[in-house]
Amino acid sequence: MSRQVVTRFAPSPTGMLHIGGVRTALFCWLYARRHGGRFILRIEDTDLSRSTDDNIRIIEEGMAWCGLDWDEGPVVGDPGAWKGPHGPYRQMQRMDLYRAKIQELLDRGLAYRCRCSKEVLEARRKAVEAAGKVFQYNRGMDAGKGCADAHHNASLPCAIRFRMPTAGDIVVDDLIKGETRFPAESLDDWIIARTGEAPGEIGVPTYNFCVVVDDTHMEVTHVIRGDDHLNNTPKQIPLFRALGYELPAFAHVPMILGKDGAKLSKRHGATSITEYQAMGLLPSAVRLALARLSWTPKIAGRAVETAEEEILTDEQMIQLFDLGDCQKSAARFDMDKLEWMNQKLIQRASWEELEPHLRPFMPVAWVGRSDDFKRRAIQATQKGKSLVEMAEALRFAFERPAAFNEKAAEKFLTPAVKPALAEVRGLADYTHAGLEAGFNAILAKHGLKTKDLAQALRVALCGKPVSPGIFDTLMLVGRDEVAARLEPWL
RNA sequence: GGGGCUAUCGUCUAGGGGUCAGGACACCGCCCUUUCACGGCGGUAACACGGGUUCAAAUCCCGUUAGCCCUACCA
């Protein structure tokens, strides 16, 4: 009987929530949902100098916008609150647990105090490297001297190091990368707690220590994280054992790179999830695009084949998700594909689904319009690549053109169409069928082609020769306003 | 320097001994068309390099190169 699957996303609040993090979170979320398990959000704020409450808020809001709901973790907007049985979910609020565990290791001789200063360490490192050797703390290099037997000496503030195995391989069995071996002699006695304030005090524990304690106490069964942590795993495994903890399963997901193959950074344009929101992307499109980086869904054992199959719903992703179908190598982020997916998702959504997402991009007057108006407006522009594009395409329905495209005006607003234009003011039946009938009658009477009148109307009504279908355009402007906008051209 | 991970069209990838190396995005062309789009059809384009193993290698092995990660009292 296997335990319920539990995954966690554990960001450190030292900056924006960027898409690499979102992707990792997405994999954790998909895996938990796929297996009917729980998904935890845990804030790793032990880097006091860089962590801020503001960044925590940004993470929570970003996750929420992305639809990555967590079953356990902080409560948005309330630093003191959390949901779930293993809280708190901010590491700085879990110090008592960590200190107790460190004391236990100290008592059992599995960790020891070290009072070497950063300067001393640096000097030793230089000396050892100058001799062409590899510097490792207390790996035979100065065993029996200095700090190795200073663990009885609590008269000075000390950092605390974990005693690592000195021989053999540490093997990491990874669900994505496979089995990897790390020679024990390549690792050293790493610091599990920083130097305390006072002699004998245990300082703030470090990342690699807290993760092990938290993942165990929060009953995490699958540690899914970025593959920059693969190298940390052989440090953590001996600690799991020292603490008598059961090992979780590990899955290290490949990084996301910029378009040029370099690590994602500001110069690649948008990297924070907030920017994607502002670009008019649907959260579902972001989820899909991010999920499809390094993951190829297999339908009945076969990779997705057609464009149609590429556009997966959340339900399909959840049902299909499998760490075994993940790529081992890093992937470059492709904005073109994201936009394509966004467009496809916009196209297949109902207008009711789209409306809440479109609303923030629309003028205030939008909210007051009727459902019927909203439906027509959305359906008329539902081919757009983004919500921003849709909103832009609908501007004419809310404001008169600020300027007119001169070339287009000259080309289409000819003396020949003006009589027809004048008659358009008389059209009374503003339904699609009604407009079409009236429009065609005017065309026939004046011997014009559809294009002649349609383009002339677009320029007069919208200021430019581009707009939704001409009947939709008329309906969205509305009868009275059509007459008003036409007047100056007659 | 040491340790680790990775390598198929421009990009995301399928394929894991015998394939015309398949698909998607992007790009190009044609068609459709009341504009812009959408849509339809078609096209260009890849196994990093060098050695093995084998009748046969993109696929297995070794090496090289390149990129990335760890090597912090960051996470």
Side-chain angles (χ1 to χ4, degrees), chain A residues 10-14 44-47 49-51 114 116-118 121-122 125 129 132-136 158-161 172 174 177-178 180-183 185-188 190-196 203-208 210-211 225-235 252 254-255 257 259 261-263 289 292-296 298 302-311 327-341 343 347 381-385 389 393 408 412 439 443 449-455 457-459 462 464-471 473:
Chain A
S12 68
T14 55
E44 312 222 320
D45 54 353
T46 55
D47 183 346
S49 62
R50 294 192 300 158
S51 300
C114 168
C116 298
S117 69
K118 216 163 182 170
L121 254 18
E122 199 46 48
R125 180 187 318 274
E129 281 170 2
K133 290 190 177 171
V134 180
F135 178 83
Q136 286 169 309
C158 287
I160 296 165
R161 290 181 185 269
V172 177
D174 191 275
K177 304 280 186 179
T180 306
R181 293 171 174 279
F182 297 79
E185 57 268 30
S186 70
L187 277 353
D188 66 358
W190 49 283
I191 288 183
I192 56 178
R194 299 169 172 89
T195 300
V204 177
T206 56
Y207 161 78
N208 282 113
C210 299
V211 216
R225 70 217 326 182
D227 71 4
D228 49 339
H229 286 296
L230 182 59
N231 297 284
N232 287 143
T233 313
K235 297 182 194 175
H252 288 92
M255 302 275 89
L257 273 18
K259 186 138 191 138
K263 208 174 152 187
R292 291 294 277 97
L293 248 26
S294 304
W295 172 50
T296 303
K298 301 279 175 65
R302 192 207 78 225
V304 291
E305 275 274 309
T306 62
E308 191 65 16
E309 286 176 346
E310 291 273 353
I311 307 301
Q327 202 75 4
K328 293 179 182 175
S329 52
R332 301 182 191 208
F333 181 72
D334 184 3
M335 186 56 91
D336 285 332
K337 198 143 188 173
L338 205 208
E339 285 177 341
W340 173 73
M341 288 170 165
Q343 183 174 49
Q347 281 175 19
T381 51
Q382 214 171 339
K383 308 282 187 204
K385 277 189 157 50
E389 203 174 290
F412 297 115
F439 192 90
L443 250 28
K449 289 181 180 162
T450 306
K451 190 174 187 169
D452 301 327
L453 186 53
Q455 288 305 81
L457 278 167
R458 285 193 169 95
V459 176
C462 311
K464 55 183 192 208
V466 176
S467 85
I470 196 62
F471 306 127
T473 301

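Lettering follows sequence order; numbering is per chain, from 1. These numbers were taken from a predicted model, which means no experiment stands behind them.
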Counting the atoms with a prime plus P, OP1 and OP2 as sugar-phosphate, which does A:Ser467 contact under 4.0 Å by heavy atoms, base, sugar-phosphate, or nothing?
base
For nucleotides B:U6 and B:G10, find the distance between their P atoms and express it as a whole number of Å.
23 Å
Once you round it to whole Å, what is the distance between C1' of B:U35 and NZ of A:Lys383?
15 Å
Classify the nucleic acid contact of A:Pro465 as base, sugar-phosphate or nothing, counting any heavy atom under 4.0 Å across all strands shown.
base
Donor-acceptor check, side chain of A:Ser294 to backbone of A:Gln327, threshold 3.5 angstrom: yes or no?
no
Expressed as a whole number of angstroms, how long is the span from A:Arg332:CZ to B:G10:P?
10 Å
Need one value for A:Pro468: base, sugar-phosphate or nothing, where a base atom within 4.0 Å counts as base even if backbone is also close, heavy atoms only.
base
Using heavy-atom distances to pick each residue's nearest nucleotide on RNA chain B, tell me which of A:Glu389 and A:Lys259 is more 5'.
A:Lys259
N or O in side chain of A:Thr296 less than 4.0 angstrom from B:A14 OP1/OP2
yes
Describe the nucleic acid contact of A:Gly384 in one word from base, sugar-phosphate, nothing, applying a heavy-atom distance below 4.0 Å.
nothing
Nearest-angstrom distance from the residue atom CZ of A:Arg292 to P of B:U11:
17 Å
At less than 3.5 Å, do the side-chain atoms of A:Arg458 and the base atoms of B:U35 form a donor-acceptor pair?
yes
May I ask you to decide if A:Gly203's main-chain N or O and A:Arg194's side chain share a donor-acceptor pair within less than 3.5 Å?
no
Taking pairing as Watson-Crick or G-U wobble with both contacts under 3.5 Å, can you name the mate of B:C9, or confirm there isn't one?
none
Test your reading of the model: is there a side-chain donor-acceptor pair from A:Ser467 to the backbone of A:Arg458, 3.5 Å cut-off?
no
Report the residue from A:Arg225, A:His229, A:Lys177 that forms a side chain to side chain donor-acceptor pair (under 3.5 Å) with A:His252.
A:Arg225
Could you check which of B:C5, B:G4, B:U34 has an atom nearest any side-chain atom of A:Ile470?
B:U34
Mark up nucleotides 63-75 of chain B, 5' to 3', with B wherever a protein heavy atom is under 4.0 angstrom from a base atom, S wherever such an atom reaches only the sugar-phosphate, and - elsewhere.
------BSSSBBB
Write down the distance between CD (A:Glu339) and C1' (B:C12), rounded to a whole number of angstrom.
15 Å
Base partner of B:G63, which must satisfy Watson-Crick or wobble distances under 3.5 Å
B:C49
Between B:A26 (C1') and A:Met335 (CE): distance, integer Å:
14 Å
Sort out the partner of B:U35 for me: Watson-Crick or G-U wobble, both distances under 3.5 Å, none otherwise.
none
What's A:Gln343 touching, base or sugar-phosphate or nothing? Going by heavy atoms closer than 4.0 Å.
sugar-phosphate
Could you work out the separation of B:A7 and B:C27 based on their P atoms and round it to a whole Å?
28 Å
Looking for any heavy atom pair under 4.0 Å, which part of the strands does A:Gln327 touch: base, sugar-phosphate only, or nothing?
sugar-phosphate
Span that lies between the P atom of B:G15 and that of B:C73, in whole angstrom:
43 Å
Have a look at A:Gln347 and say if it touches a base, only the backbone sugar-phosphate, or nothing, with a 4.0 Å heavy-atom cut-off.
sugar-phosphate
Please give the nucleotide sitting opposite B:G16 as a Watson-Crick or G-U wobble pair, both distances under 3.5 Å, or none.
none
Is the phosphate of B:U6, meaning OP1 or OP2, less than 4.0 Å from a side-chain N or O of A:Lys328?
yes
Among A:Asp47, A:Ile192, A:Asn232, whose side-chain contact (heavy atoms from CB on, under 4.5 Å) with A:Tyr207 holds?
A:Asn232
Separation of the P atoms in B:C55 and B:U13, to the nearest angstrom:
36 Å
Work out how far the P atom of B:A57 is from that of B:G50, and round it to whole angstrom.
14 Å
Between the base of B:A24 and the side chain of A:Lys337, is one N or O donor paired with an acceptor at under 3.5 angstrom?
yes
Gap between atoms CD and C1', on A:Gln455 and B:U34 respectively (whole Å)
6 Å
Should B:C68 form a Watson-Crick or G-U wobble pair with both distances under 3.5 Å, which nucleotide is its partner?
B:G4
Determine the interatomic distance between P on B:U59 and the same-named atom on B:U44; round to the nearest Å.
25 Å
Side chain of A:Ser294 (C-beta onward), nearest among B:A26, B:U13, B:U34
B:U13
For A:Ser329, which contact category applies under a 4.0 Å heavy-atom criterion: base, sugar-phosphate, or nothing?
sugar-phosphate
Distance between C1' atoms of B:G22 and B:U8 (Å, rounded):
12 Å
Do any N or O atoms from the side chain of A:Gln347 and from the backbone of A:Gln382 form a donor-acceptor pair under 3.5 angstrom?
no
Between P on B:U35 and CG on A:Asp452, what's the gap in Å once rounded to a whole number?
11 Å
Where does B:C5 land, syn or anti, given syn is within 90° of 0?
anti
Can you tell me, in whole Å, how much space there is between the P of B:A21 and that of B:A26?
26 Å
Between A:Arg50 (side chain only) and A:Pro13 (backbone N and O only), is there a donor and an acceptor less than 3.5 Å apart?
no
Watson-Crick or G-U wobble mate for B:C41, both contacts under 3.5 Å:
B:G29
Taking for each residue the nucleotide of RNA chain B bearing the nearest heavy atom, is the 5' side occupied by A:Val466 or by A:Glu310?
A:Glu310
Quickly work out the A:Phe471 CZ to B:U34 P distance and round it to whole Å.
10 Å
Please check if the side chain of A:Lys259 supplies one atom and the backbone of A:Arg332 the other of a donor-acceptor pair under 3.5 Å.
no
